[in-house]
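Every chain is numbered from 1, with letters handed out A, B, ... down the list of sequences.
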Amino acid sequence: MQNGIQNKVRWGELEEDDAEDLDFLLPPKQVIGPDENGIKKVIEYKFNDEGNKVKITTTTRVRKLAKAQLSKKAVERRSWLKFGDAVHEDVGARLTMVSTEEILLERPRAPGTKQEETKAAADNPFGKGGAVLMVCRTCGKKGDHWTSRCPYKDLAQPSEGFIDKPPTDGPAAPATATKGTYVPPSLRAGAERTGTDMRRRNEENSVRVTNLSEDTREADLHELFRPFGQITRVYVAIDQKTGLSRGFGFVNFANREDAERAINKLNGYGYDNLILRVEWATPRSS
Amino acid sequence: MRPILMKGHERPLTFLKYNRDGDLLFSCAKDHNPTVWFADNGERLGTYEGHNDQTAKLWDVKTGKALYTFVFDSPARSVDFSVGDKLAVITTDPFIEKTSAIHVKRIAADIKDQTDESVLVMKGPRGRINRAVWGQLNKFIISAGEDAIVRMWDPLTGQEIMSSRDDDNHKKQITSLCLSTDGSHFLTGSLDKSAKLWDSRTLTLIKTYVTERPVNAVAVSPLLDHVVLGGGQDASAVTTTDHRAGKFEAKFYDKAS
C-alpha cells in the first residue's frame, strides 16, 4: 500500500550517484503487532524511482500453523537401523509408492443439506447415499448402476419399447430384421429404448426453468436446485447453431415434494440479473 | 487423494496396527513375516523373521529379533497386550480335536524370566475366536468370533461374566473388534453386513451400522466421531461374481447419528 508522498527530496543538494545512500534520511522501519487477531503492520519508508519518499504500510495476518508434534521417541525411532528383509532392500525394489490411482472420498451429502439427504437416502432402496444420481434407464433402478452397465440390459423386454407406438409397429420391426433389411439399432430387439425411456423420464417430477441468462450452465442450475432435494437430471437447452444457451432448462427431482418446494421458492427468484420463472414442465404433446 | 501403497507382503494381509505415537505401522499377513513401516512415508523399517505355525512370538520392535516363543497346539489367531503390557491375551483356533481357547500369559519385565505358562485358559465358544482384547483397566477381556456372540471374561477367574443378548447379536461371524480410545465402547464388524457399537461395561447394543457388503475390518477414530467399515466379498468369491458386485470401498459413518 503506497500512502503517497511525504515530502520531496531536494535533488539540487544531492549528487545523483548518492541516491543509494540516502536511506539514513528515512525514518526507521516500524513494526506494529501482531495483535490478538494476528494482524501485523510493517511501516517502511523508501525512495521510489523518481526520488520521492514513499511510506509503505504492509498489513499481514500472522497465523500459527498447526505443528505436527513428534515425540522424542518417535524422532529417535526414525534413525533406527533397518532389519530383516529391509536391510537388503535395493532402491529399485519400489515396495512403497504413491498410488497412481486417484482415490476420491465420496461425500454422501454436501454439508448443510443433512436432513433432506437422509430422507432421500431412506427413499433409496439401496441405501447408498453417494450414488443418488444414478438412475438406470434400462431397468429403472435407482442408485445401483449406470445405464451402460445395466446387468439387466439383455433382459429388457423388447415389447416394453413399443408400448408408446401404435400396435402395428411392434411386430413389424422384428419381422423386417429377419428379412435382412436394415433396422436402426434403437429399434432392434434388446436394444436400450433410450428414446422412449428418455421421454418418460423427462416427465417425471420435471421442473421447467425459463428466463435463464445465457451464461447459465447445467452445473449452475444443479447448484441452484440441489438444496431442495435429490436431483436426477439437469438440462439446459443450447442452440445448435450458436452454441449459446436458449434461456431455458429442465430439472428433474427424485421426489415430487422437493420439486414443489423448489418451484415455490425459486419462481420469481433473481438469478444472474434475471427473474427466474420456475414451473412444472408440461408433458410434451407428441 | 493418492494414498501410499506398501507392497511388502506376498499373501493377504490379516492385521494392521499403529504404535501409540502413530509413527510406526505394523502389518501382518498370511506370509510369515510381520513388517514394520514408517507411517509418514511408508518406508519399510524392517521385517520380523522366523515365525512358524502354532506359535505366538514376542519381538524386539527395534532389532526384529524374536525374544520369546509361546508354543500352542493349534494356530494362534489374535493377540493383545493389556494396559501396562504386563499381560497378553492370545486366542487359538479350534484344531483337530482341540476347541478354541483364550490364553492369558504373563509378560515378564525381564525376558530371561519369561515362561510359557498360561495364567488362565478360557474355553467355551464354538468356532474360531477372531479377536480378544482387554477392556478398561484390564478388568475384563472381550472376545468375539465365529459364533457371532460377544463375550466378556473375567481375567482373574476365567469365568464368562456376560455375553451379548440374542436379539442384539450379529447373524454371522464377527470378523473384527475395535475398542474406542477411552475403552468405554467398542465396535464389531460381521459378515452379516453390519457393524455394531456396544457399551463395554454392560454389553448393551448402542448402534447398528448397516451396509451392503460383509464387513471385514472396523476402526473407531481416536479423534473424531467417526467409524470406518472396510469390507467386500470374500476373495474366493471375486472370480465367480461380477467385479462391480465386490463393493470394496471403505465407508465412513458418523458414530452417533
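- Taking all atoms of both residues into account, the shortest heavy-atom contact from B/Leu45 to A/Leu81 is CD1-O, 3.9 Å.
- The contact list for residues 54-71 of chain B toward chain A, using heavy atoms and a distance under 4.5 Å, reads B/Val61, B/Lys62, B/Thr63, B/Gly64 by residue number.
- Highest contact tally toward chain A, considering only B/Asn33, B/Val210, B/Asn19, B/Thr35, is held by B/Asn19 [criterion: heavy-atom pairs under 4.5 Å].
- Using a distance-only test at 3.5 Å, with no hydrogens or angles considered, no donor-acceptor pair links the side chain of B/Thr47 to the main chain of A/Gly84.
- Heavy-atom minimum distance, A/Ala86 versus B/Gly46: CB-CA, 3.6 Å.
- In this structure B/Lys105 satisfies the side chain to side chain donor-acceptor pair (under 3.5 Å) test together with B/Ser118, sequence neighbours excluded.
- More than 12 heavy-atom neighbours from other residues, nucleotides or ligands sit within 6.0 angstrom of NZ on B/Lys171.
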Please set out all donor-acceptor pairs under 3.5 angstrom arising from side-chain atoms of residues 75-85 of chain B, sequence neighbours excluded.
residue : atom : partner  : partner atom : Å
B/Arg77 : NE   : B/Asp93  : OD1          : 3.2
B/Arg77 : NE   : B/Asp93  : OD2          : 3.2
B/Arg77 : NH2  : B/Asp93  : OD2          : 2.6
B/Ser78 : OG   : B/Thr91  : OG1          : 3.4
B/Ser78 : OG   : B/Ala132 : N            : 3.3
B/Asp80 : OD2  : B/Trp134 : N            : 3.0
B/Ser82 : OG   : B/Leu87  : N            : 3.1
B/Ser82 : OG   : B/Leu87  : O            : 3.2

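- B/Leu224 meets the side chain to side chain contact (heavy atoms under 4.5 Å, CB included) test with B/Ser221, B/His226; sequence neighbours excluded.
- Using a 4.5 Å cut-off between heavy atoms, B/Glu43 touches chain A through backbone and side chain atoms alike.
- Heavy-atom minimum distance, A/Thr96 versus B/Ile4: CG2-CG2, 3.4 Å.
- From B/Asn41, atom CG reaches atom CZ of A/Arg78 across 4.5 Å, with rounding to the nearest 0.5 Å.
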*Show the numbers, then the answer: is there a side-chain contact (heavy atoms from CB on, under 4.5 Å) between A/Met97 and B/Arg2?*
CA-CA 10 Å; A/Met97 57 173 99; B/Arg2 288 182 193 274; over 6 Å; no
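- Salt bridge B/Asp23/A/Arg77: present, at least one basic N to carboxylate O contact under 4.0 Å.
- Of all heavy-atom pairs between B/Arg44 and A/Lys82, the closest is O-NZ, 3.0 Å.
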